[in-house]
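Working notes for the structure below.
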Amino acid sequence: SLPGGVPIWLNDATADRDELRAIVPDLIDATPAGRLGQHHAPIQCPALDVKKSSRPSRVCAVLRGLLEAFPEYTRVGVIADKQHVATILGTARKAENLEPIYRQRIVRVEHFRSGESRGSNAWLEECDSIIVLGTPRVPAAAVRDRLIQIGNHLAAARDGKWDRDYWSGIDAAGQRHTIRTSAYRDHDWHASHQAIVRAELIQCVGRGR
């Protein structure tokens, strides 16, 4: 519970306004207009997506390609799925490992939702670039916990119905594309899942600001 009779400021770059209002109904959104400029623009490579289920050979191939494409970066940090950390570090026993010639340029490796992937500024001191390898996969238990935290107990008691889904969007050239993927069909589960993933990605990319 929050103390009464005093103003309380919540500072969180990843906060969801609607979720906060479910907890604090009289919330005042004082987010300033505009955004801070970035010193280094992020580069997104959607064709090189790495999933939790991706083979170690795929992980190695993508890292090789990125490291060869940007030879000017010699102190590289990598944030990836926990499943792929051993392959990147070269300690996997029964799978392909990234070659030493590439590993010597990687100075820091963490996995999504480890805490260090979003809560440490050491990245700014140790790395001259960061590779966010893929998209964080969030277990159903984490989505259910978030629904409980915001007081949506009815939704938390439901099955989120992870299933095939699709969404449509328009690219920079004005062309419409339909993306077929997997997602929660339940609206509340989908919203909470998106909020968790979005927050993690914002923080991971923010390590390279």
Side-chain angles (χ1 to χ4, degrees), residues 14 38 40-143 160 162-167 169 171 177-184 193-209:
T14 64
Q38 292 181 316
H40 308 285
I43 300 173
Q44 185 178 17
C45 305
L48 304 179
D49 189 27
V50 172
K51 303 177 181 179
K52 183 177 181 179
S53 58
S54 295
R55 294 178 179 273
S57 57
R58 168 71 174 172
V59 175
C60 293
V62 170
L63 283 175
R64 286 190 209 104
L66 290 173
L67 292 169
E68 290 174 357
F70 301 98
E72 65 272 25
Y73 298 123
T74 58
R75 297 179 295 118
V76 179
V78 179
I79 303 175
D81 192 275
K82 188 176 183 179
Q83 187 84 6
H84 304 312
V85 170
T87 290
I88 299 169
L89 293 175
T91 58
R93 295 183 179 181
K94 297 182 179 181
E96 182 177 347
N97 285 309
L98 187 66
E99 296 86 350
I101 190 173
Y102 298 104
R103 290 205 311 270
Q104 66 184 2
R105 291 171 56 193
I106 298 177
V107 297
R108 188 179 177 91
V109 180
E110 290 290 347
H111 61 85
F112 293 121
R113 305 180 69 243
S114 67
E116 291 300 310
S117 64
R118 59 184 293 174
S120 173
N121 284 325
W123 298 88
L124 306 177
E125 302 168 357
E126 299 175 17
C127 307
D128 55 19
S129 68
I130 294 178
I131 297 174
V132 181
L133 196 63
T135 305
R137 268 42 180 184
V138 180
V143 180
W162 183 262
D163 201 353
R164 300 296 297 173
D165 200 358
Y166 67 91
W167 58 271
D171 64 15
H177 300 271
T178 298
I179 308 299
R180 301 184 186 279
T181 183
S182 296
Y184 287 110
H193 179 260
Q194 277 196 318
I196 295 172
V197 173
R198 185 186 302 112
E200 185 71 16
L201 284 175
I202 288 173
Q203 290 285 9
C204 288
V205 173
R207 296 308 97 199
R209 65 184 182 272

Seminar exercise, completed: CG (Asp81) and OG1 (Thr87) are apart, to the nearest 0.5 Å, by 11.0 Å
Run the side-chain donor-acceptor check on residues 46-59: report pairs under 3.5 Å with partners two or more places apart or on a different chain.
residue : atom : partner : partner atom : Å
Ser54   : OG   : Lys51   : N            : 2.8
Ser54   : OG   : Lys51   : O            : 3.2
Arg58   : NH2  : Ala47   : O            : 3.4
Arg58   : NH2  : Asp49   : O            : 3.2

Seminar exercise, completed: Nearest heavy-atom approach of Trp123 to Gly77 is CZ3-CA, 3.8 Å
Exercise. Between Phe112 and Thr135, what is the shortest heavy-atom contact and its length?
Worked result: CE1-C, 3.9 Å
Problem set entry | Asp128 side, atom CG; Glu126 side, atom CD - distance, nearest 0.5 Å | 11.5 Å
Exercise. Looking at Cys60 and Asn97, what are the two nearest heavy atoms and their distance?
Worked result: SG-C, 3.7 Å
Seminar exercise, completed: Closest heavy-atom pair, Val132 versus Cys204, reported as atoms and distance to 0.1 Å, is CG2-CB, 4.0 Å
Side-chain donor/acceptor pairs under 3.5 Å, residues 98-106, sequence neighbours excluded:
residue : atom : partner : partner atom : Å
Glu99   : OE1  : Arg64   : NE           : 3.0
Glu99   : OE2  : Arg64   : NE           : 3.1
Glu99   : OE2  : Arg64   : NH2          : 3.0
Tyr102  : OH   : Glu68   : OE2          : 2.4
Arg103  : NE   : Leu89   : O            : 3.4
Arg103  : NH1  : Leu98   : O            : 2.4
Gln104  : NE2  : Ile101  : O            : 3.4
Arg105  : NE   : Tyr73   : O            : 3.1
Arg105  : NH1  : Leu67   : O            : 2.9
Arg105  : NH2  : Leu67   : O            : 3.1
Arg105  : NH2  : Phe70   : O            : 2.9
Arg105  : NH2  : Tyr73   : O            : 2.8

Exercise. Nearest 0.5 Å, what's the OG1-OH distance between Thr181 and Tyr166?
Worked result: 13.5 Å
Problem set entry | Smallest separation among heavy atoms of Pro136 and Leu201, with atom names | CD-CD2, 3.7 Å
Problem set entry | Pair Ile131-Val62, side chain to side chain contact (heavy atoms under 4.5 Å, CB included): steps then yes or no | CA-CA 11 Å; Ile131 297 174; Val62 170; over 6 Å; no
For this session: Report the distance from atom CD of Glu125 to atom CZ of Arg75, rounding to the nearest 0.5 Å.
Result: 10.0 Å
For this session: May I ask you to decide if Tyr184's main-chain N or O and Asp165's side chain share a donor-acceptor pair within less than 3.5 Å?
Result: no
For this session: Check side chain to side chain donor-acceptor pair (under 3.5 Å) between Asp163 and all other residues, then give those that pass, not counting sequence neighbours.
Result: none
For this session: Would you check if Val76 and Leu63 make a side-chain contact, meaning some heavy-atom pair closer than 4.5 Å?
Result: no
